[in-house]
Every structure is written in C-alpha cells, then in structure tokens.
Amino acid sequence: RRGELVGFLGPNGAGKTTLLRMIAGIETPTRGKIYYDNESEIDHLKVSYMPQQTYLFDTTVKKNIILGLDKETEGLQKIDRALEYVGMERFADKNALELSGGESQRVAIARLLVRKRNLILMDEPTSSTDIAGNKLISDYIKKVNETERSTIIFVTHNPALAGKIADECVFMMNGKIIESGQVNAIIHSPKSSELMNFVEHWKI
C-alpha cells in the first residue's frame with residue numbers, strides 16, 4: 001500500500017531479491033499479478049531500484065548525487081542535505097571511485113533517495129556499512145518515507161534492521177512467504193517454526 005515501509009526478511013536464497021526485481025519490472029512473474037496501491041499496472045517511471053551491488057560514476061561524490069535528480073534545478077541544497085544524512089558531506093569533492101565499499105553504498109543510497117519517487121526498492125541497503133553508517137542510512141530511509149510518503153521496500157537478512165525501520169515485514173524461505181504482518185509481531189512473536197529458528201539465530 002502507498003506510503004508503507006516494508007522489509008523482506010529471510011536467509012540467502014529465500015527469493016527476496018527475485019521478488020524485489022519482479023516489483024521493479026526487471027523480471028516477469030510466471031504467474032500471478034503484483035498490485036501496488038490497488039492497481040495491477042505499476043508506472044516504472046515512478047520507481048527507483050537499487051541492487052545490492054551498487055555502482056558509482058567516475059566523477060565526484062556530489063556529481064554522482066546530482067545524477068540522481070530528474071532536473072539539476074531541483075536544488076543543490078537537497079544534495080547537500082542528502083550527503084549530510086548519510087554522513088558523506090566531507091567527501092563531496094572526492095572522486096567516488098576512491099571510496100571504500102561502505103562509503104560507496106552510502107553515496108548510492110543518497111543518490112537513490114534524493115530522487116522523489118512513489119516507490120523505492122532497495123536490496124540489502126546496509127550490507128557494506130559499519131554500525132555508524134547503518135544508523136545514518138536507517139534514519140534517512142525513515143525520514144524519506146515520512147516526509148515524501150514514498151512506499152519503500154527493502155530486502156534484508158537482518159531481523160534487527162527490519163525491526164528498526166519497517167512498518168510491515170514479510171518473512172520468506174525457499175521462494176515462499178512464510179509469515180507477514182506488523183514488524184513487531186513478526187520479529188518478537190513469530191508463529192512458524194521457520195521464523196522462530198531464524199530469529200533465534202540473531203541477537204535482537
């Protein structure tokens with residue numbers, strides 16, 4: 001539904017990324033339909049998708065963010081705020097290809113979220129970041145969701161991340177949805193043995 005923040009949770013190979021790619025229109029479902037805001041047709045021009053393997057262009061960090069805007073006239077202040085949100089403001093003039101993996105992921109997320117979109121899809125958005133980066137990115141995702149009312153769906157194998165930022169959670173295993181619902185119920189009161197075993201593996 002519009003404006004929700006949803007986490008796809010599960011182990012590697014559960015089908016989370018495949019489902020995300022189908023929503024993005026990159027892969028086609030073999031059967032069934034995907035509905036967004038009660039509509040079966042998704043306008044993919046209003047969708048932003050970030051794969052787990054991020055990429056940056058051979059230019060400055062700031063210019064990488066500018067490339068995320070529909071129009072450069074949308075305002076440089078917006079770019080500066082985005083860099084600040086992900087803790088990368090002091091790297092604005094550095095070549096993006098010289099960044100570490102975690103820094104690169106922060107820049108890619110800033111570029112993604114600076115662009116106003118109805119639906120934002122993110123695959124493992126904090127996989128390369130440290131604890132400080134994880135918090136900055138989590139806070140920024142929530143801020144964009146609250147201020148822009150964008151629907152945000154992210155993939156994670158980390159129940160702590162899902163519990164921190166998601167409203168709804170979908171737990172998957174072996175290509176199937178095992179449980180879904182309010183994130184607190186999914187994380188703290190799992191009903192299925194699969195989810196119980198998965199959550200017990202993590203310290204939440």
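This is a predicted model, so every value here is computed, not measured. Along the sequence shown, residues carry numbers from 1.
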Would you check if the side chain of [X] reaches a backbone N or O of [Y] as a donor-acceptor pair within less than 3.5 Å?
{"X": "N145", "Y": "S150", "answer": "yes"}
{"X": "K16", "Y": "G10", "answer": "yes"}
{"X": "K62", "Y": "D80", "answer": "no"}
{"X": "T151", "Y": "G3", "answer": "yes"}
{"X": "E194", "Y": "F171", "answer": "no"}
{"X": "R21", "Y": "I26", "answer": "no"}
{"X": "E179", "Y": "S192", "answer": "yes"}
{"X": "N64", "Y": "F57", "answer": "yes"}

Practice problem: Among V155, T156, I141, find the residue that satisfies the side-chain contact (heavy atoms from CB on, under 4.5 Å) test when tested with M122. | Solution: I141

Quiz prompt | Heavy-atom check, side chain of S180 versus side chain of E168, under 4.5 Å | solution = no

If every non-hydrogen atom of [X] is compared with every non-hydrogen atom of [Y], which pair is closest and at what distance?
{"X": "R106", "Y": "M88", "value": "CB-CG, 3.8 Å"}
{"X": "P159", "Y": "F198", "value": "CG-CE2, 3.8 Å"}
{"X": "E27", "Y": "T18", "value": "OE1-CG2, 3.7 Å"}
{"X": "A92", "Y": "T60", "value": "O-CB, 3.6 Å"}
{"X": "M196", "Y": "P190", "value": "CE-O, 3.2 Å"}
{"X": "G7", "Y": "A166", "value": "N-CB, 3.8 Å"}

Practice problem: Could you walk me through whether K116 and E148 pass the salt bridge (charged side-chain N to carboxylate O under 4.0 Å, His left out) test, one step at a time? | Solution: CA-CA 7 Å; K116 186 173 176 59; E148 304 288 353; 2.8 Å; yes

Rounded distance [0.5 Å steps], [atom1] in [X] versus [atom2] in [Y]:
{"X": "E103", "Y": "D130", "atom1": "CD", "atom2": "CG", "answer": "9.0 Å"}
{"X": "L161", "Y": "L9", "atom1": "CG", "atom2": "CG", "answer": "9.5 Å"}
{"X": "Y140", "Y": "I165", "atom1": "OH", "atom2": "CD1", "answer": "13.5 Å"}
{"X": "M50", "Y": "I109", "atom1": "CE", "atom2": "CD1", "answer": "4.0 Å"}

Practice problem: Evaluate the salt bridge (charged side-chain N to carboxylate O under 4.0 Å, His left out) criterion for residues K135 and D139: first the C-alpha distance (whole Å), next the side-chain angles of each, then the deciding distance (0.1 Å), finally the verdict. | Solution: CA-CA 6 Å; K135 184 180 187 311; D139 290 346; 2.7 Å; yes

Quiz item: Any cation-pi pair here, R115 with Y49, using under 6.0 Å and within 45°?
Solution: no

Quiz item: Is there a path from V6 to L195 through hydrophobic residues (I, L, V, M, F, W, Y) whose side chains come within less than 4.5 Å of each other?
Solution: no

